[in-house]
> 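Structure in structure tokens, see below.
All values below come from the heavy atoms of this structure, side chains included, with hydrogens, waters and symmetry mates left out. All of these numbers come straight from a predicted model, not from anything done at the bench.
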Amino acid sequence: MTEHSNSMQKPFNKKIIYIAALIFVLLIAWLFTGYVRSYLDEGQQTTFFIKKFPTFQLEFVDPFANEGDSPAIAELSTVDRKSLVDYCKYRFGVTSDSDDALDTCAQNIPGYLKQ
């Protein structure tokens with residue numbers, strides 16, 4: 001009787017292990033994958049990247065991700081500056097929010113924005 005009950009529990013335990021492993025992999029992917037949207041030629045492009053630090057935030061905003069003239073770092077609104085700080089930290093690993101650090105980050109515009 002105990003052999004039969006043990007054989008019934010094994011498939012159930014394997015399913016739990018597989019589900020737990022899948023959840024773990026998805027959580028790691030969520031923590032270390034991000035994306036940014038750019039607007040080029042009247043179209044929207046989504047670019048994924050590997051985050052330098054884990055965070056639950058998936059979408060990031062790059063105020064320079066368009067074909068228009070790039071604003072000066074000092075002229076960014078508080079919201080845009082915060083977005084740029086987050087983007088630079090998680091995309092490029094820039095942890096300082098100084099104008100010089102953000103300017104250096106802005107110089108790292110990915111190839112999909114260069115014309």
> To the nearest 0.5 Å, what is the distance between CZ (R91) and NZ (K51)?
12.5 Å
> Indicate, with yes or no, if F24 and F32 share a hydrophobic cluster defined by side-chain heavy-atom contacts under 4.5 Å among Ile, Leu, Val, Met, Phe, Trp and Tyr.
yes
> Looking only at heavy atoms, what is the nearest atom pair of S96 and L102, with distance?
O-CD2, 4.2 Å
> Is a side-chain donor or acceptor of Q57 paired with a backbone partner of E59 at a separation under 3.5 angstrom?
yes
> Does Y87 share a hydrophobic cluster with V61, counting links as ILVMFWY side-chain heavy atoms below 4.5 Å and allowing steps through other members?
no
> Counting neighbours of CZ on F53 that are heavy atoms of other residues, nucleotides or ligands and sit closer than 6.0 Å, is the number greater than 12?
yes
> I need the D80 CG to D62 CG distance, nearest 0.5 Å.
10.5 Å
> Quick check: is L58 connected to F92 through a chain of hydrophobic side chains (ILVMFWY, heavy atoms under 4.5 Å apart)?
no
> The test is side chain to side chain contact (heavy atoms under 4.5 Å, CB included); show your working for V94 and T104 and say whether it passes.
CA-CA 9 Å; V94 176; T104 300; 6.0 Å; no
> Hydrophobic clustering (ILVMFWY, side-chain heavy atoms < 4.5 Å, transitive) - are L31 and Y35 grouped together?
yes
> Looking at F60 and V36, what are the two nearest heavy atoms and their distance?
O-CG2, 3.4 Å
> From the options D97, D86, D99, select the one residue that forms a side chain to side chain donor-acceptor pair (under 3.5 Å) with R81.
D99
> In Å and rounded to the nearest 0.5 Å, what is the OH to OG1 distance from Y90 to T95?
11.0 Å
> Is it the case that one hydrophobic cluster holds both F56 and I28, taking links as side-chain heavy atoms less than 4.5 Å apart, direct or via other members?
yes
